[in-house]
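Every number for a ligand or one of its atoms is a count from 1 in the order of the listing.
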Amino acid sequence: MKVGGVSESPTPDLANLWEEVIATAEMSSRAWLRRTRPLEMHGSTLMLAVADETTRERVETRLRAQIEDRLSDACGQPTHLAVMINPDVVLEEPVEDPAPPADLPPQPMLPRSKPQEVRLNPRYTFESFVAGSSNRFAHAAAAAVAETPGKSYNPLMIYGPSGLGKTHLLHAIGHYVSNYYEQLRVKYVSTEELTNDFINAISSNRTAEFRSSYRDVDVLLVDDIQFLESKIQTQEEFFHTFNTLHNAQKQIVMTSDRPPKLLEALEPRLRSRFEWGLMTDIQPPDLETRIAILRKKVASQRLTAGTQVLELIASRIPTNIRELEGALTRVAALASLNQQEMTVTLAEEVLNDLMPDDAAPVDAQTIMDASARYFGITMDDLTGSSRVQTIAQARQVAMYLCRELTDLSLPKIGGKFGGRDHSTVLHAVRKISEKIGEDRALYNQVTELTNQIKQS
Ligand SMILES: Nc1ncnc2c1ncn2[C@@H]1O[C@H](COP(=O)(O)OP(=O)(O)OP(=O)(O)O)[C@@H](O)[C@H]1O
């Protein structure tokens, strides 16, 4: 298919932007990126032409997260990719390194159908998951399902309180299946997205498309299924999707904050189906597991921290692993700002500023009110679309704190900030986590604001 506009050169800005993305990409990705051409920015989406099916597949499945991160940084807002094939890309674009990437399949390249719909966090894999007594069974069940999808436990339901690794395991299954069963189609979706997809499908008369996108898959991973409660029509639709997949022995994995029998506002027939397969809970990790999780995180981020520091952090934050990671991020940030090691004294200083364990939980509204006040902006600024630097950064800080201090999922947080999507929140969280290690003023602001929220 000829893609309109590919024979025209991209505007200098777009060309420069793309060059910047290529220049900062990992070495192993660059040769692939030379087989692409930016066409135009459509809102916050960059239309990208690629040379062939193999390049498209590589960009879609392996490089997308990396590219979108870099693009978002360069554009100062979450930016997405839309990829299309145009064989002219390579002929028209003189490449610096004409040699194909070492791992390119031999020519001729046959188009291989791999209709993955995976949007998985690259960090949530089985390798990065620490198994301990609190999650061993869930971990083993997830691994069994990933190894033989549709054949071991179907459906698999993982439930437990927020921040204990349910989403992590769901993504790990997705990665494993995508890597080892290339022909299998995997779809990961949060229940909020599923509901939105369904509502959009109805309002645009595209229910057939909706159905096939959920039913023509081999592994369906649905996060936070408790949000189906009280959504009668979506429940009805999901009931049929569930039956279709289950009858065809396609794997279904779900997570929930409660066991199915406590999902009281869920239709009984759906609840009972959720109990057909295996249900397994995740409990808060014990101290050893918490230390092991911190140790793994330290290693993956190439940080150095002694056992005493890790023990201190792990002993102060007993339940939520997201908070545990948040505390480590802040200790690492202050160490980086001070250009010193992560010492016990430094960790103490940071932990004293953080939420005490027995503090009342805060909600998003409290965080947003405090943030608006602190940064001297209005609630409309916080939830609006202004890209003025101070406002955009204040918004990102508030999103970061909502992620760190509440149980809200990414889509839910996005919803509070003027209906933004989950990737915007994820981008904000990553951005602020990085920046507090480089920008002392920002580190101080985040600490001060956390204190104010804690006291409110
Ligand atoms: N056992 C573990 N090993 C390593 N990291 C973990 C483990 N459990 C949780 N984490 C990390 O803790 C963070 C929170 O986990 P996750 O988002 O999967 O929680 P969740 O149970 O899905 O919570 P929610 O219901 O709020 O979405 C993630 O960054 C995840 O990687």
Side-chain angles (χ1 to χ4, degrees), residues 65 119-143 156-175 188-194 221-229 253-259 262-263 280-301 310 313-314 317-330 332 361-364 399-400 402-416 422-423 425-426 429-430 432-433:
R119 289 176 303 98
L120 300 171
N121 186 328
R123 286 176 301 171
Y124 291 177
T125 61
F126 282 119
E127 288 73 29
S128 62
F129 190 86
V130 175
S133 54
S134 59
N135 59 27
R136 201 178 302 285
F137 196 60
H139 174 253
L156 171 64
M157 164 75 94
I158 305 174
Y159 65 88
S162 181
L164 297 186
K166 302 183 297 295
T167 302
H168 188 136
L169 281 179
L170 215 52
H171 285 222
I173 295 171
H175 284 302
Y188 165 84
V189 73
S190 69
T191 301
E192 285 112 327
E193 285 167 308
L194 181 130
L221 309 166
V222 188
D223 215 350
D224 289 323
I225 201 85
Q226 73 272 8
F227 293 127
L228 265 194
E229 279 194 309
V253 188
M254 293 166 289
T255 70
S256 165
D257 66 353
R258 276 159 282 161
L262 295 184
L263 294 171
T280 163
D281 68 339
I282 296 198
Q283 301 281 342
D286 55 25
L287 180 67
E288 286 71 24
T289 310
R290 298 203 295 281
I291 295 172
I293 290 172
L294 288 177
R295 190 160 283 140
K296 196 145 215 169
K297 198 139 176 83
V298 162
S300 76
Q301 296 187 352
L310 302 186
I313 300 174
I317 309 213
T319 40
N320 192 315
I321 300 174
R322 193 173 299 125
E323 279 177 38
L324 193 68
E325 293 181 338
L328 178 68
T329 302
R330 290 201 188 195
V362 280
D363 59 16
M399 289 184 190
Y400 167 86
C402 283
R403 182 63 171 162
E404 195 180 86
L405 305 177
T406 74
D407 287 350
L408 294 173
S409 64
L410 296 172
K412 274 259 156 24
I413 297 172
K416 306 261 177 211
H422 76 282
S423 60
V425 184
L426 194 59
V429 173
R430 286 195 187 150
I432 299 302
S433 306

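- Of the protein's non-hydrogen atoms, the one nearest atom 28 (C) of ligand 1 is Y124 OH, 3.4 Å.
- Of all atoms in ligand 1, listed by their number and element, those nearer than 4.0 Å to a heavy atom of L164 are 8 (N), 9 (C), 19 (O), 20 (P), 21 (O).
- For ligand 1, the polar-atom distance check against T167 finds a nitrogen or oxygen pair separated by under 3.5 Å.
- For the pair Q226 and T191, the minimum side-chain heavy-atom distance is 4.5 Å or more.
- When R123, K166, H168 are ranked by how near their heavy atoms come to atom 5 (N) of ligand 1, first place goes to H168.
- Heavy-atom proximity to N135, at under 4.0 Å, picks out these atoms of ligand 1: 1 (N).
- Residue contacts with ligand 1: I293 is placed with no nitrogen or oxygen under 3.5 Å of a nitrogen or oxygen of the ligand (distance criterion only).
- Residue contacts with ligand 1 for E325 involve side-chain atoms from C-beta outward but no N, CA, C or O (heavy atoms, distance under 4.0 Å).
- A distance-only check finds a donor-acceptor pair linking the side chain of E193 to the backbone of S190 [under 3.5 Å].
- Shortest non-hydrogen contact noted between L120 and G174 is CD1-C, 3.4 Å.
- Closest of all the heavy-atom pairs between R322 and T406 is NH1-O, 4.4 Å.
- In this structure, K296 fails the cation-pi test against F129, since its NZ or CZ atom is not both closer than 6.0 Å to the six-membered ring centre and inside 45 degrees of the ring normal.
- L221 and L170 make their closest contact through CD1-O, 3.5 Å (heavy atoms, listed as atom of the first residue, atom of the second, distance).
- For I321, no nitrogen or oxygen atom sits less than 3.5 Å from a nitrogen or oxygen atom of ligand 1, counting backbone and side chain alike.
- Taking all heavy atoms of R322, R403, E127 into account, the minimum distance to atom 14 (C) of ligand 1 is reached by R322.
- Taking 4.0 Å as the cut-off, D224 counts as a neighbour of ligand 1 on heavy-atom distance.
- What you find for T289 and G132 is that their closest heavy atoms are OG1-CA, 3.7 Å.
- Numbered from 1 in the order shown, with element, the atoms of ligand 1 that lie under 4.0 Å from a heavy atom of S128 read 3 (N), 4 (C).
- The distance criterion of under 3.5 Å between nitrogen or oxygen atoms is not met by A131 with respect to ligand 1.
- Taking the ring centroids of H175 and Y124, they lie at or beyond the 6.0 Å cut-off.
- Here the protein heavy atom with the shortest distance to atom 23 (O) of ligand 1 is G163 N, 2.7 Å.
- Protein heavy atom in closest approach to atom 15 (O) of ligand 1: G165 N, 3.5 Å.
- Using a 4.5 Å heavy-atom threshold, the side chains of L294 and L324 count as touching.
- Side-chain contact between N320 and L164: absent, with no pair of heavy atoms (C-beta onward) separated by less than 4.5 Å.
- Distances shorter than 4.0 angstrom do not occur between any heavy atom of S409 and any atom of ligand 1.
- Not one N or O on the side chain of R258 forms a donor-acceptor pair closer than 3.5 Å with the backbone of L263.
- Close N/O approach between V130 and ligand 1 is found [any backbone or side-chain N/O within under 3.5 Å].
- Near S162, with a cut-off below 4.0 Å to any heavy atom, the atoms of ligand 1 are 23 (O), 24 (P), 25 (O), 26 (O).
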